[in-house]
Amino acid sequence: MTTTARTEGLGTDDAVSEGDGLRTGCRGIPSLSARLEPWMRELLADPTACAALLEEHGSPLNVHDFGALTRNADELTAVADSEGVALRIFVARKANKTLGLVRAAHAAGLGLDVGSHRELSQVLDLGVPADDVVVTAAIKPAPLLRLALDSGAMLVLDNLDEAAAVYAEIAREPLDPPRPVALRLAPTPSDVVGPTRFGESASSWQSWAGSREGSRDGLQIQGIHFHLHGYDPLARAHALGEALGLVDALRSSGHPASFIDIGGGIPMSYLDDAEQWAAFWEAHDHQSDDPTDSLTWRGEPLRQVYPYHQQVVRGQWLRTLLGAEVQPGVRAADALQERELELRCEPGRSMLDGCGMTLARTVQRTTTSDGIPLIGLEMNRTQCRSTSEDFLVDPILVRTGGEASAPVDAFLVGAYCIEAELILRRRLRFPGGVAIGDVVALPNTAGYLMHILESASHQIPLASNVVRGPGGIRRDRIDAVPPQRPWTDAAGD
Ligand SMILES: *Cc1c(COP(=O)(O)O)cnc(C)c1O
């Protein structure tokens with residue numbers, strides 16, 4: 001098979017033979033082979049351990065190992081160092097719900113970016129100093145503003161109404177010393193930078209700040225923040241240029257702005273093989289529309305998907321950004337250095353690269369009334385989903401079940417009573433068949449895939465989460481039921 005031949009061209013012999021062994025049970029049509037961390041290989045090569053985990057914690061199960069977090073962060077830090085730029089990383093908590101992530105980030109000397117009251121109170125309760133926390137929530141109810149102000153965490157003001165709400169809070173309970181805030185910049189839309197719902201224009205913030213005198217009103221403007229959709233480093237360089245202009249204006253009117261925070265969107269790659277990625281799209285664009293033969297579910301094309309293979313990720317991406325011009329002839333790195341500005345970022349997905357995997361149990365093998373083979377998993381499609389239309393990474397089949405079916409090309413379906421309840425929207429090949437009780441592993445799901453859209457419909461509990469560490473595998477995030485507001489009589493009517 002050509003796909004196998006291509007795979008054999010990569011990596012060491014050891015890695016290939018091990019990888020091939022793991023991949024023989026299931027592959028996409030055509031293959032999209034996940035990059036696997038050593039801890040994933042070790043677990044997947046141990047069917048007894050996989051089955052025991054599902055037996056103990058239920059299916060599906062999110063398994064984490066945050067060992068890769070430090071490596072991912074170091075990649076950024078090394079590039080910033082080499083460019084003479086001071087960098088602080090705040091891991092975006094929303095990309096993964098486990099408390100293990102908070103602990104691991106803190107232990108690695110990284111900060112946390114939080115997006116809600118609970119995210120904030122959890123990181124503070126775990127002992128993360130407020131100085132290592134940035135609050136970027138899109139909507140900030142009064143209790144969140146209050147907690148942010150009381151704690152002294154960096155509060156990113158999104159808009160003028162929010163700023164007014166902060167003053168309402170301060171009026172209720174004055175603050176001393178002044179609390180740190182950053183202003184969320186909505187860069188001017190252009191060919192390079194898309195439009196955004198977040199933030200205010202530089203001129204709005206400038207006139208807002210102009211009406212205040214330094215920090216006498218309880219707030220101190222310490223930085224500028226932006227977070228752009230997409231992954232384009234040049235769009236960030238462009239926005240950075242605008243943020244630098246705003247910093248200069250703020251400084252000249254007495255505000256001690258000392259950092260620019262470029263938000264998240266730092267890319268990662270799930271697949272090592274560029275040719276596989278290209279071959280997949282070639283096949284996708286020329287697929288059959290016969291539902292019993294199509295590559296995607298009933299031949300429906302995939303439109304909005306994450307670039308699961310990318311050449312320029314993390315360190316190299318930051319190098320591109322820092323080397324880009326923010327003004328004619330001025331590199332981003334030099335503009336930051338010249339002003340002694342700290343660069344901050346809030347990566348989520350790219351920090352969680354290699355940190356998690358989802359395991360699910362095979363329950364049944366069925367066929368649609370028009371002949372499409374299905375494999376039913378004890379999980380639902382919200383448990384491996386992001387805003388991307390599909391997770392374009394091949395699962396790994398771990399043989400832990402009984403007698404296997406005949407070889408089959410099938411779709412994975414889940415527990416919600418919906419026709420198109422697809423775990424993945426691609427047809428998968430199982431050359432050795434599938435058995436009830438086999439484990440299907442979805443690799444590298446820690447960034448968003450396992451958590452951001454998960455729901456507990458049909459009263460099916462959310463997945464359990466476990467974290468591998470020096471002391472073995474431990475259960476995390478005990479609140480398997482989604483948090484609820486306190487019950488009141490009125491709610492019962
Ligand atoms: C979602 C988000 C991030 C993280 O984005 P990634 O794409 O995971 O890096 C960072 N900052 C803000 C404000 C966000 O909304």
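Ligands are counted one by one from 1 in listed order, and the atoms in each one are counted from 1 as well.
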Handout entry: Validation row: Leu43, Leu53 side chains within 4.5 angstrom (heavy atoms)
Key = yes
Exercise for the section: Number the atoms of ligand 1 from 1 as they appear, then name those within less than 4.0 Å of a heavy atom of Ala92, with their elements. Expected result: 3 (C), 4 (C)
Exercise for the section: Give yes or no for whether the N/O distance cutoff of 3.5 Å, strictly under, is met between Tyr231 and ligand 1. Expected result: no
Handout entry: Centroid-centroid under 6.0 Å between Tyr231 and Tyr306 rings
Key = yes
Handout entry: Contact check: Gly265 vs ligand 1, nitrogen or oxygen atoms, below 3.5 angstrom
Key = yes
Practice task
Can you pull out the closest protein heavy atom to atom 3 (C) of ligand 1? Residue, atom name and distance to 0.1 Å, please.
Solution key: Lys94 NZ, 3.2 Å
Practice task
Using only heavy-atom distances, determine whether the side chains of Thr188 and Glu242 contain a donor-acceptor pair under 3.5 Å.
Solution key: yes
Exercise for the section: Give a yes or no on this: more than 12 heavy atoms of other residues, nucleotides or ligands lie within 6.0 Å of atom CG of Asp191. Expected result: no
Fill in the blank from the handout: A student checking ligand 1 against Gly348 at a 4.0 Å heavy-atom cut-off should list atoms 4 (C), 6 (P), 8 (O), 9 (O)
Exercise for the section: Would you check the N or O atoms of Glu346, main chain and side chain alike, for any that come under 3.5 Å of an N or O of ligand 1? Expected result: yes
Exercise for the section: Indicate yes or no for a side-chain donor-acceptor contact from Thr445 to the backbone of Leu449 under 3.5 Å, with no hydrogens or angles considered. Expected result: no
Exercise for the section: Look only at the side chain of Asp272 and the backbone of Arg35, and say whether a donor-acceptor pair between them is shorter than 3.5 Å. Expected result: no
Handout entry: Aromatic ring pairing Phe280/Trp277, orientation class (parallel under 30°, perpendicular over 60°, tilted between)
Key = parallel
Practice task
Look at Asp150 together with Arg146 and state whether they make a salt bridge at an N to O cut-off of under 4.0 Å.
Solution key: yes
Practice task
Give a yes/no on ligand 1: does Ala95 have at least one heavy atom closer than 4.0 angstrom to it?
Solution key: no
Practice task
Identify, by atom number and element, the atoms of ligand 1 in contact range of Pro347, meaning under 4.0 Å from any of its heavy atoms.
Solution key: 9 (O)
Handout entry: Contact atoms of ligand 1, heavy-atom distance to Thr136 under 4.0 Å
Key = 13 (C)
Problem - Per-atom contacts of ligand 1 with Asp113, taking only distances under 4.0 Å to non-hydrogen atoms - result: 10 (C), 11 (N), 12 (C)
Completion exercise
Among non-hydrogen protein atoms, atom 8 (O) of ligand 1 lies closest to Tyr448 OH, 2.5 Å
Handout entry: N/O separation below 3.5 Å, Arg184 to ligand 1
Key = no
